[in-house]
Amino acid sequence: MQRARLVVIGNGMAGIKTVEELVKIAPDLYGITVFGAEPQPNYNRILLSPVLAGEQTFDEIVLNDRGWYATHGIHLHTGKEVTSIDRKRRTVTAADGTYADYDRLLIATGSTPFILPIPGIDLEGVIGYRDIADTERMIAAAQNHRHAVVIGGGLLGLEAANGLNARGMDVTVLHLMDTLMERQLDAVAGRLLQTALEARGIRFIMGANTAAIRGDEHGHVSAVALADDTELAAELVVMAVGIRPNTHLAESAGLRCARGIVVNDTLQTFDPRIYAVGECVNHRGTAYGLVAPLFEMARVAANHLAEFGTQRYSGSVTATKLKVTGIDLYSAGDFHGDDSSETIVLSDAANGVYKKLVIKDERLQGSVLYGDTTDGAWYFRLMREGRSIADIRGRLMFGERNLGDTGHLGQSQAASMADSMEVCGCNGVSKGTICAAIKTHKLITLDEVRKHTKASASCGSCTGLVEQILMATAGADYSATPRTKPLCVCTERTHAEVKQAIKAQHLLTIADTQRFLEWRTPNGCATCRPALNYYLQTTWPREAQDDPQSRYINERAHANIQKDGTFSVIPRMWGGTTSAHELRKIADVVDKYQIPTVKVTGGQRIDLLGVKKADLPGVWRDLDMPSGHAYAKALRTVKTCVGAEWCRFGVQDSTQLGIDLERALWRMYAPHKVKIAVSGCPRNCAESGIKDVGIIGVESGWEIYVAGNGGIKTEVAQFFAKVTHAAEVLEHAGAFLQLYREEGHYLERTVHFVGRAGLDYCKAQVVSDAANRRALYSRLRFAVDGELDPWTARANGAAAHEYASVTA
Amino acid sequence: MNARPSQSLEQRVNWIDICALEEIPRLGARVFARATGNIAIFRNADDEVFALDDRCPHRGGPLSQGIVFGRHVACPLHNWQIGLWDGKATAPDVGCTAVYAVHVDAGRVYLDLTPTDA
């Protein structure tokens, strides 16, 4: 079949991006021909500034070499400027007579520098700043001449000035306005920028109105004259007062143009066979000059050229970053504000830091960051999502890292990003795409990641973030999900596979399990043996034999080992209540065994620290209190507030419910420790919001929350169910914990279990299915009722070898 | 090859009878208490018996309290893995604890309190 013919006019970033996207999604649809006016293949125009400043070479900024065009069967004409489009015959013709027929045409002619209409602009040494040829002329001028004048203090002008300055020229910047980059910066940031550039030796004349350019007898530029008759010596003049869309060709073909080729939301011109993207385009009245919007256009245009027809371009919010090494500057959105907007400003002149956030209707409208641009991408995200910032307004200025992520200081921003979040705005690459590429292709360097994903390959401002992701992903297998990770180095099997085999094969011992699942080691390791022991116990309660040698020392000795090898003892105090009798026994034990430290724990109990191992059975015998299981992956404590019995605010008897829960659930082993709290009113003095199961009494009953955590990363518990009676709380809490016991992976806390299984799934199993809830709870009762208090047995001589040493 | 404690049986005369083999749990340990520092006596799944200073080279954790597997023990404090036959930490950790000669005869465990040169 004859393929449709696509002709692309313009071999720059927007046009070739469209082609890249197109061959990715519809590789065989078109025979493609590309015309480029420049002799080079497609290169990264954004990085001309680093080339000018001598920080990169041209080869480093080539995006698609000739091999790429060949690989995709694309016919490339370089150095051939298309001069006419015949829309009737559907043919384009270049200046040298080369022509090509098209079924679809893509115009991506970009923009040209705006040249001031003043005398002298034709002199040698007067240039715009647009392409690699201009860049090379500037580099050559810097080698032979001394004085440069840059007309225009915008983004491009300042990058040119900085590059020429770095190459040793005396540079003066003429700017018509009072402050630099007035389209991207407010006055304060503009002045900070000017000061920083002046410190590098660049001179500025503000409010400067250029009148004429004067030349010498050889027709070479020699000076620039201002309207106030000032004359500045200049052997090089760079015009950087703005760009204008290059619409000459489109206009001559009769396409409608108005400050750009007018296109609709599918990037079609008034001739539906002809598409246009890039800086040459006027979309909804806006012409864009930054790379991210151009790439967004390219993706939409490719989608339609591929005949998918599923995307629309609806305009872009833009952000600007100045590519001048050593100066951090970022601006986005509407940063000037108006009468109805508010601003938050942080200004630390001594440290050269200035930040301004513009807020309107509780939403971020714009931002200017100078000196510290770390949070630029975050602010940009908040703006684009249009998220209400009411809840974080007080901390907004201090950045994403200050949003209550305590305990994770120093953790990289990359680790906290969701897979769907965008890392590279220019190329629209998400974290998930980068991670997948790193893993699939075993990438180890930044260059490889750029090659595979294009992330950070355009403007480069997300390079740091991409490197963080690379380190986290390739370095420590950071984002490997527990579901596919082997249980330990002794096996290929995952937690889920091991549990499934234990159940299906009715395996009852660790040795049998390891044999059946072909363990690679003779008797496992310190990671798999405790997990296997736990899975056997929970799958076959009262049937599988416990193996103390496969338990961690704390669970084997039933006390917590301390750094000096002594142990701590925490007796159970039901719901945090105690009595004179218990306290006397504790006091006597402390005296008798000379226990050095007695401490009240966060779980409302008393900790006896520094007990010698040999003394443990005696301590337990004398205490005559049940084990608090403070050492075990098991129910720890049920924390309570005083509740309705005493508290003037209490609406429910939280203490009694806490005691009942603890008496029902103690001796319950679990994948990890389990903490419960019961509060008697919504003031929540028992801190139910950060417990594995948190219960809050309200006038009409009890609210049950699950999967909270007060550990390394604070996690607020999620609402699970609302019930009326205490007995229902017991059944719901018990059933949820049995679900966790049966389906949780060993050492997985409830927050991670619920995150993996899904809160809706847990609710469906426990809350909405009453029969399943009762079944879960009765399985829990069967398991827990079969457990004895470990301290009583050991106080009476069980496992004596564990506590006594041998002597000669 | 590191010296297995029993290989030097003939040269050693200071054997102390410390306990019966059955008093040490399989894949477990007992502590031989000594004023100058405890010695941990390990028994693995193959009934091999080993003796090490009961101090992890890392932070001094009591190795006798760790989980025994293969010919290693995992320290209970920070999970360093120490070779029972040579007292050396498994890479990437680096460190070594003293090894003592031990042998089993007619169901009794004998220990020599002079450290071997590992």
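Remember, predicted model here, so these are calculated numbers, not experimental data. Just so it is clear: chains get the letters A, B, ... in the order the sequence lines come, proteins before strands, and each one is counted from 1.
Contacts with chain B were tallied for Arg551(A), Glu802(A), Lys613(A); Lys613(A) has the most, counting heavy-atom pairs under 4.5 Å. When each of Gly61(B), Cys19(B), Pro62(B), Pro76(B) is scored by its heavy-atom pairs under 4.5 Å with chain A, the top score falls to Pro76(B).
For Asn79(B), the part sitting under 4.5 Å from any heavy atom of chain A is the side chain, from C-beta outward, and nothing else. Within the 4.5 angstrom heavy-atom criterion, no atom of Thr521(A) approaches chain B. Of the atoms belonging to Arg556(A), it is side-chain heavy atoms, and not backbone ones, that fall under 4.5 Å from chain B. Contact annotation for Gln562(A): only backbone heavy atoms (N, CA, C, O) come within less than 4.5 Å of a heavy atom of chain B. Contact annotation for Phe567(A): only side-chain heavy atoms (C-beta onward) come within less than 4.5 Å of a heavy atom of chain B. For a residue to count as touching a neighbouring chain, one of its non-hydrogen atoms must lie under 4.5 Å from one of that chain's; by this rule Arg26(B) touches chain A with the backbone only. Residue contact with chain B, scored on non-hydrogen atoms closer than 4.5 Å, is absent for Ala557(A). With a 4.5 angstrom heavy-atom cutoff, Pro548(A) does not touch chain B via any of its atoms.
In this structure the side chain of Val68(B) never reaches within 4.5 angstrom of the side chain of Gln549(A), judged on heavy atoms.
Taking CG from Asn523(A) and CG from Leu27(B), the interatomic distance works out to 5.0 Å, rounded to the nearest 0.5 Å. Interatomic distance, OG of Ser64(B) versus CD1 of Ile553(A), reported as 7.5 Å (0.5 Å rounding). The SG atom of Cys525(A) sits 11.5 Å away from atom NE2 of His72(B), with the distance rounded to the nearest 0.5 Å. Going from atom SG of Cys528(A) over to atom CZ of Phe69(B) covers 9.0 Å, rounded to the nearest 0.5 Å. Here the OG atom belonging to Ser805(A) is positioned 11.0 Å from the CD1 atom belonging to Ile41(B), to the nearest 0.5 angstrom.
The local environment of NZ in Lys675(A) is sparse, with at most 12 non-hydrogen atoms from other residues, nucleotides or ligands closer than 6.0 Å. Arg55(B) CZ: 12 or fewer foreign heavy atoms inside a 6.0 Å radius.
What you find for Arg30(B) and His801(A) is that their closest heavy atoms are NE-O, 3.1 Å.
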Practice item. Check the pair Leu77(B) / Ile561(A) against side chain to side chain contact (heavy atoms under 4.5 Å, CB included), numbers first and verdict last. Key: CA-CA 8 Å; Leu77(B) 293 197; Ile561(A) 196 163; 4.3 Å; yes

